[in-house]
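Structure record follows, encoded as structure tokens.
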Amino acid sequence: MKKQFPIEAFGNLQTPFYYYDMDILTETLNSIVEEANKYNYYVHYAVKANANPRILSAISRAKFGADCVSGGEILAALEAGFPEEKIVFAGVGKADWEIELGLDKNISCFNVESIPELKIIDQIAAAKGKIAKVAIRINPEVDAHTHSHITTGTREDKFGINFEQIDQVINTLDSISSVKLTGIHFHIGSQITEMESFATLSIKAVEIERYLTQRRVFLENINFGGGLGIDYKSPDENPLPDFKAWFEIFRKNFPTRPGRKIHFEPGRSLVGQCGSLISKVLYVKEGSFKSFAILDAGFTDLIRPTLYGAGHKIENLSSDEVQDIYDVVGPVCESSDCFARAVKLNKVHRGDYLALRSAGAYGESMAMQYNCRSLPKSYFSDTIQNLKI
Ligand code: LLP
């Protein structure tokens, strides 16, 4: 099945731009809400995946919480209407001003990633006469079997506190008075497609909670982070991630208990499939060895193929001629500015619109201005027809 894009409405718009299908976003949000409600799970959207104000406000209107990793994200989340009591703040390097901001805005939880950070949060909270609510991010040493750049839960990674140090954490907590421990937090990686990794995580979490209970530390919140992968190869066949299977794994392996809340922080799985990067072909260069389709979008607009070798399905929206083989590249002065090698596309001409699919997550939010390029704009399925350019 080929997705229909409103090409007639693209006519006057400067490419490249992000196009968001708001129906897919709504369907995705409805689907996760339905599955999460079955078990009373709490869902915080990982803002880093896409902080476009319209996307953020659609997600906040659907009553999700927000998982933030910087002061800027906290401000963006508040601006979009996420209530402060549903905002959590993670990250290995929280600056003092960001901790102050979190305290001033009364966010619900700091996910603490080291003992020195715990002490600084205590000092800053004490100076303000406040109590900071914290969860300890534990590195569970679970391999997520995903790209090494987006694995976060192994010994090699900078994230979280090793379980061996948990007694040190408890002793530190006993010695400080402006911090209240409310839970534990995990996040093992991103674009995880092997559900086994989540099963291993939930089994580890049971052991960790058991140990903490023995030490008379009782938890109100367990946060399992995000990480659920999406289908980059077949976005039309599988537009919705398998939230049902994801939550069932935790339901099966991690018991619910009255008074203890279970949280998740999906990013990619909520917004990945609703977005496409739309680009125009500038030139078709027929070399002696291969043909290049040279686009006006580059890695400045979508860095994932360059940074992680990620594959985004590419479609020629303007042609249904017989397919040919192309390297699809951008205009940036780097050989790594390449979206795909040797892909089959309906015959490409100058001026054709190409869609790079499944680009709603970590696309626009990772765009940059290298080569003094402009940041890509964004347009939305529900308003694009009414635009007056
Ligand atoms: N929670 C924490 C603490 C995280 O660090 C992340 C993502 C998430 C939740 C959301 O994970 P998700 O559900 O989106 O997998 N730029 C990379 C992905 C980096 C993910 C960073 N952390 C990419 O384009 O693949």
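Ligands are counted one by one from 1 in listed order, and the atoms in each one are counted from 1 as well. Along the sequence shown, residues are numbered consecutively beginning with 1. What you see is a predicted model; the values in this text were computed from it and never measured. Worth knowing before you read on, the calculation uses all heavy atoms, side chains too, and leaves out hydrogens, waters and symmetry mates.
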Can you find an N/O atom of [X] closer than 3.5 Å to an N/O atom of ligand 1?
{"X": "Gly227", "value": "yes"}
{"X": "Gly267", "value": "yes"}
{"X": "Ser190", "value": "yes"}

Between Gln273 (side chain) and Asp231 (backbone), is there a donor-acceptor pair under 3.5 Å?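 A pair under 3.5 Å: yes.
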Using a distance-only test with no angle check, is there a side-chain donor-acceptor pair under 3.5 angstrom linking [X] and [Y]?
{"X": "Tyr18", "Y": "Asn52", "answer": "no"}
{"X": "Ser108", "Y": "Glu85", "answer": "no"}
{"X": "Ser378", "Y": "Arg54", "answer": "no"}

Relative to ligand 1, is [X] under 4.0 angstrom through side chain, backbone, both or neither, heavy atoms considered?
{"X": "Asp67", "result": "side chain"}
{"X": "Tyr308", "result": "side chain"}
{"X": "Glu265", "result": "both"}

Hey, does Pro266 sit under 4.0 Å from ligand 1 if you only count heavy atoms?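 Contact present.
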Heavy-atom proximity to atom 11 (O) of ligand 1, best of Arg268, Gln191, His187, Met366: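 Of the listed residues, His187 has the closest heavy atom.
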In chain order, what residues pass the salt bridge (Lys or Arg N to Asp or Glu O under 4.0 Å) check against Glu248, with sequence neighbours excluded?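 For Glu248 the salt bridge (Lys or Arg N to Asp or Glu O under 4.0 Å) partners, ignoring immediate neighbours, are Lys244.
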State the atoms of ligand 1, each with its element, that fall below the 4.0 Å cut-off from a heavy-atom position in Arg137.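 Reading through ligand 1 atom by atom, the close ones are 3 (C).
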Within the 4.0 Å heavy-atom shell around Gly226, which atoms of ligand 1 are there?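 This gives 9 (C), 13 (O) as the contact atoms.
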Excluding sequence neighbours, so at least two apart, what forms side-chain hydrogen bond (donor to acceptor under 3.5 Å, both in side chains) with Thr182?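 side-chain hydrogen bond (donor to acceptor under 3.5 Å, both in side chains) list for Thr182, sorted by chain: empty.
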Determine the sole option in Phe186, Tyr42, Phe247 for which the ring-ring contact (aromatic ring centres under 6.0 Å, His included) test with Phe264 is passed.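 Among the candidates, only Phe247 passes.
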